Each structure stands twice: as C-alpha cells, then as structure tokens.
Amino acid sequence: MRKLIFAVALAASLIAGPLTAAPIVIKFSHVVAENTPKGQMANKFKDLIAERLGDKVVVEVYPNSQLFGDNKVLQAMLLGDVQMAAPSLSKFESFTRKLQLYDLPFLFKDMEAVERFQNSAAGQELLNSLKKKGLVGLGYIHNGLKQLSSSQPIRVPADASGLKFRIMTSDVLAAQFEAVKATPLKKPFSEVFTLLQTRAIDGQENTWSNIYSKKFFEVQPYITESNHGLLDYMVVTSTEFWMDLPDALRPEVKKALDDAIIFGNQVAAQKAIDDRQRIADSGRSKIATLSPEERAQWVEVMKPVWQQFEHEIGKELIDAAYNANNM
Ligand code: SIN
C-alpha cells in the first residue's frame, strides 16, 4: 500500500513539474476613484509589476475604500493585512507630527515648488519620518492644490465664518478653518458626499480631481478657486514587509513604483486642468476666481497657523519648504 501511495505521489509531482514558489502579493489599498492621479498610479504600478516581474510578484489594487479607509489602513499595514497604501500627507498625524508641514496654508505657490521641495534633501528625509512606527515612505505622489467647495458663495474669509467644513484628520487643517471662524469636522473621505448631499456640512476642501471624481460638485453649488493648500500623498509600506522582500526583487519593485509615480504625477497635472474644466462645463457648480486683494485676505487670516505649529514641525523645515517657492 505504501508503495502505491509513493508511486501516486511521484506520478503527481512529475505531472505538476518542479515546485514553484507562490508569487508575493502586494495589496494596494486606497480611498479614491480609479480615474484619479492616485488611482491611475496604483493601476500603473500593478501593470508594470505584471510586465516586469511576471509571476514573482502580484499587485492587487483596492480603490474607493473597498478594503480599508484611511483611518484604518496604517494599522492594517502593521498587522500585515495590506502591504501598500498612499494616504494623503494630512492623514499621518498620529504617526508623526513632521508631515503636518504639508498642511500649512499657502505654503507652496504652485506644484513646481512642491516638487522642488519634495526632491530636496529635507523633503526626502521626511520619507523616513515614519521609521520609528514601523513604516517606510517609498515616495511622494501629487494630487494638487485644494479648492473650497460650499453651499453658499465664498470670496473672503468672512464668508466662511460660521460654516461647517469637513476636513481630513489634521490639527493644522482644523486650525486653518478655525482661523476663519468656521467649524472643522474630521470625517473619512468615504462619507463626504453624503454629508454634503444631506447638508449636514456646508463645505469641504479638495482638489479638482477629487471634487470631480467623487461628484462633490453635483451637491455643492459654489467652488472658490483658492489654491490654499496641498493634497499630496506618501506611498508607504511596512518596514517588515519591505525588508522581507528578497534582495533581488526589492529594487525592481521600487523601480516599478518610481515609474508609476512619474506617470501618476503627469496624470495629476493634466487632471487639475481637465477636471476643473469638466466641472465648469457641467454648470452644476459656479467657480469663483479670487482677486489678488481677496486672496491676500485669506493669507493674512490663515498664515498665523504656521506659528501655531512651528514648535512641532520645526522652523528650519518650514523655511526650507517656503524657500522652494523662490528657486
Ligand atoms: C485622497 O485623495 O486620498 C482623499 C482626500 C480626502 O480625504 O479628502
């Protein structure tokens, strides 16, 4: 009998061929739609990995908070339930205070300045700011500058006074809205549309691509083109997962990610133009462009927030980021 079992097992192994290792699975979780800079970047990463690493590594992308919302994803990553994510830089507050830098209102005049700072030594060093918490920053990806959407017209800070705005989980963003005497409410991205639709809140701040892809413009009749803050992302993984990758594979996975980020950043730049136009063409939301005097009022009221958080972020870092505007 034993001989028979051995013969069957031998025959089966000959048919199946030599044992092959199962591919390493990278679950990539995010909260936005697929047709956004981050969504496109994640899909590109998946495609590049499939193309270059064949059956050694497989990327599975879970968009639209299908797997985890941003409030859960980093804990899930530390538990090994997800391997990659790219939360907004505003959502790392409970892991590090340094990244609050990116939430300071009117810090960067345009995306070129953001790019210059992120590529500088100080910007790259911030990718290591999560190390102590067991996470590795693998790179930044852009979305763009934020606009204010609302249920009533807003041109100057006084117009926002008394209104309720949804914000990401960031004390800097809370302080920014408190500076104009508005009420900030920290809520997950997945709840924003319903909060706006039911008028539980009066407005929110986001980029053109998020306002368009999540249809916020359909339930917010006014958008102020304020460009007052940044919405960018950090692609992160757990140190444990990253260091457990075979040495031969790690640089290849990183290269595929870097290439996907370059692609995602091109998408971001184009979408900031195209999605703004789509919203304008829809006629559902009226876009207000600020005069230099109106804009100056926002800067004057919101800029004191910088000092409020200087002791946590560091003056040197704030100066380094601000100086990227003038290079
Ligand atoms: C995202 O772009 O990932 C979400 C931004 C938000 O929560 O407003």
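Order of appearance sets the numbers: ligands from 1, and atoms from 1 within every ligand. Note that the structure is predicted; figures quoted are calculated from it, not measured.
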note = side-chain contact (heavy atoms from CB on, under 4.5 Å) filter on Lys315, not counting sequence neighbours, yields Glu310, Asp319
message = Could you go through Arg155 and Asp159, starting from their C-alpha distance and side-chain angles, then the distance that decides it, and tell me whether this counts as salt bridge (charged side-chain N to carboxylate O under 4.0 Å, His left out)?
response = CA-CA 7 Å; Arg155 295 201 72 94; Asp159 297 333; over 6 Å; no
Dump all N/O pairs between ligand 1 and the protein below 3.5 Å as a table: atom names plus distance, one pair per row.
| unit_1 | atom_1 | unit_2 | atom_2 | d |
| --- | --- | --- | --- | --- |
| ligand 1 | 2 (O) | Asn210 | ND2 | 2.9 |
| ligand 1 | 2 (O) | Tyr233 | OH | 2.5 |
| ligand 1 | 3 (O) | Lys38 | NZ | 2.6 |
| ligand 1 | 7 (O) | Lys91 | NZ | 2.7 |
| ligand 1 | 7 (O) | Arg166 | NH1 | 3.4 |
| ligand 1 | 7 (O) | Arg166 | NH2 | 2.9 |
| ligand 1 | 8 (O) | Arg166 | NH1 | 2.6 |
| ligand 1 | 8 (O) | Asn206 | ND2 | 2.9 |

key: Check: His228/Gln147 side-chain N/O donor and acceptor closer than 3.5 Å   = no
Distance-only check: which donor-acceptor pairs under 3.5 Å involve side-chain atoms of residues 50-59, not counting sequence neighbours?
| unit_1 | atom_1 | unit_2 | atom_2 | d |
| --- | --- | --- | --- | --- |
| Arg52 | NH1 | Asp259 | OD2 | 3.0 |
| Arg52 | NH2 | Asp259 | OD2 | 2.9 |

task = Return the set of residues passing ring-ring contact (aromatic ring centres under 6.0 Å, His included) with Tyr140 (not counting sequence neighbours), or none when no residue passes.
result = Tyr102
message = Ignoring hydrogens and geometry beyond distance, is a side-chain donor-acceptor pair present between Asp103 and Ser170 at under 3.5 Å?
response = yes
